[in-house]
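Each remark here refers to the structure printed beneath this line.
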Number of protein chains: 2
Amino acid sequence: MTEHAAGLGRRQQKKRETRRAIRDAALDLALENGLENLTVEAIAQTAGVSSRTFFNYFSSKEDALVTQAAEGADQVCKLLLERPSDEPPLEAFRNAVIYSNYFGADPVNRERVLARQRLTQCHPSLMAHHLGKIAMVERTFADALAERMGVDAEGDMTPQLLAAVAMSAIRVAVRQWVHKGDLPLYDLLETAFKQLEHLGLATQHPEPAG
Amino acid sequence: MTEHAAGLGRRQQKKRETRRAIRDAALDLALENGLENLTVEAIAQTAGVSSRTFFNYFSSKEDALVTQAAEGADQVCKLLLERPSDEPPLEAFRNAVIYSNYFGADPVNRERVLARQRLTQCHPSLMAHHLGKIAMVERTFADALAERMGVDAEGDMTPQLLAAVAMSAIRVAVRQWVHKGDLPLYDLLETAFKQLEHLGLATQHPEPAG
DNA sequence: CAAAATCTTGCACACTCTGCAAGTTTTTAT
DNA sequence: ATAAAAACTTGCAGAGTGTGCAAGATTTTG
């Protein structure tokens, strides 16, 4: 066991670097030449690997471009389960998200994250891939919420609804952030979650069947 | 102007038929041989057109398989704008959806719709395409809600949040419907929308903390 | 009925993605 | 340190996707 600086073997570290190189190359080329003129071969070449290797890392160029939504999901789940149990579910979730680094607290990458999101918002194919990943994360969150609430994750719709609603808030906040990139994302997140409470969800007159 | 039985020219009618033939062929073959063994050529052949023509109708086989979510969207918007203005937004939306034929009230297709949804739930690539379409419909709904509320559709997050939350309810209800296909979809829809009201959105600490 | 508009199809072509079989590098265990 | 095992990269072959183009067929229009 040759434990080096990081807890990662040389192999794992190289894989990380390659992965990052491919992602960076993909984003740079997409921004430079447009998504329609982007090929896997060009990405691979820029990243210094073969086309075949690209597909060992990503299943498509969209996959390489889309935000790694699953990145901080585990941490969010962990934080969620640690929140005080008297906190209402959505508030607990919001706090878990905000105190996590789900959005990569690293401000160095801010412009890059913004550019990636902008690209995603503009291209339906990227958006679809993005939402596909989001959906998987959503299920993870639903399971965590179910555990927190002590109910069945599959039979009870509540945790699924909570997860879906929470992801909606995040999604809308990010869209707004991209739309006018001056406001800080965290403020928009706060606003979105706050607005959920006043959406006219509570109905007190269910229509006497006209 | 040779007005025939329907308000459609012979050409439009043929296109409708071809479109349906392709969709049906795609679903049948997917259910029969599995999605991984499905090719555009096979779909086209079964539908009685050339491969090239397939791509005149759909951009991919996923496109042909996924639920046409945009189908009844216009009708839902129209109904939404006709709801009494004192109805809370989500309730108005729910009623608009339920009184529309957004889910194709035709019970003949029930098994077919169910099969299609099951397929979608099982295959991430189909789910991604599906969510991509859903997202576009969601924007349409957000615009309608903004008009109903008399606010700016882009600047104000509220209509976007409302649309997203409403689609969440629909999405979860459909997933539940697929998961155990015995309960009628409309009951699950009602339940989902009803549960939105009790999600702990309002921060009033429902749990006295055991 | 003839001109215009529209739809279908085949063909060519670039690109995507996968399995397989080398060859190379890292890891593990002696 | 060294040899065997495990893991990664790469090229190649091949099936499939998706688009532009042009010729031919069909429908619409006047």
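Within every chain, numbering begins at 1; the chains are lettered A, B, ... in the order of the sequence lines, protein sequences first and strands thereafter. Here the structure is a predicted model, which is why all the values come from computation and not from measurement.
Considering only side-chain N and O atoms, Thr39(B) lies nowhere under 4.0 angstrom from the phosphate OP1 or OP2 of dG16(D). Note on Lys14(B): every side-chain N or O is 4.0 Å or more away from OP1 and OP2 of dC7(C). Within the structure, a side-chain polar atom (N or O) of Tyr57(B) is placed less than 4.0 Å from OP1 or OP2 of dT8(C). Regarding contacts with the backbone of dT9(D), every side-chain N or O of Ser50(A) stays at 4.0 angstrom or more from both OP1 and OP2.
When the P atom of dT26(D) is taken as reference, atom CZ of Arg11(B) falls 11 Å away, rounded to whole Å. In this entry the distance linking NZ of Lys61(B) with P of dC17(C) reads 12 Å, nearest Å. A straight line from CD of Gln45(B) to C1' of dG10(C) spans 15 Å, rounded to a whole angstrom. Remark: C1' of dT16(C) and CD of Glu36(B) are 18 Å apart, rounded to the nearest angstrom. If you measure from atom CD of Glu62(A) to atom C1' of dC17(C), you get 12 Å, rounded to the nearest angstrom. What separates NE2 of His129(B) from P of dT17(D) is a distance of 12 Å, to the nearest Å. Rounded to a whole Å, the CG atom of Asp63(A) is 13 Å from the C1' atom of dC17(C). Straight-line distance from the CG atom of Asn56(A) to the C1' atom of dC20(C): 13 Å, rounded to whole Å.
Within 4.0 Å of Phe54(B), counting heavy atoms only, lies no atom of the nucleic acid at all. Ser60(B) comes within contact range of the sugar-phosphate backbone alone, with a heavy-atom separation under 4.0 Å but no base atom that close. Residue contacts shown for Arg10(A) are limited to sugar-phosphate atoms, with no base heavy atom under 4.0 Å away. Ser59(B) comes within contact range of the sugar-phosphate backbone alone, with a heavy-atom separation under 4.0 Å but no base atom that close.
The two residues Phe54(B) and Ser60(B) make their nearest non-hydrogen contact at CZ-O, 3.6 Å. Residues Gln176(A) and Glu154(B) come closest through the heavy atom pair NE2-O, 2.9 Å. Across all non-hydrogen atoms, the minimal contact from Asn33(B) to Asn37(B) is O-ND2, 3.0 Å.
Sorted by first and then second residue, the side-chain hydrogen bond (donor to acceptor under 3.5 Å, both in side chains) pairs involving residues 64-76 of chain A (not counting sequence neighbours) are Arg23(A)-Gln68(A), Thr67(A)-Gln117(A).
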Just distance, no hydrogens or angles: give the donor-acceptor pairs under 3.5 Å from side chains in residues 119-135 of chain B, sequence neighbours left out.
from	atom 1	to	atom 2	distance (Å)
Thr120(B)	OG1	Arg116(B)	O	2.9
Lys133(B)	NZ	Asp63(B)	OD1	2.8

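For Arg52(A) and dG19(C), a side-chain-to-base donor-acceptor distance below 3.5 Å is present, hydrogens and geometry of angles not being considered.
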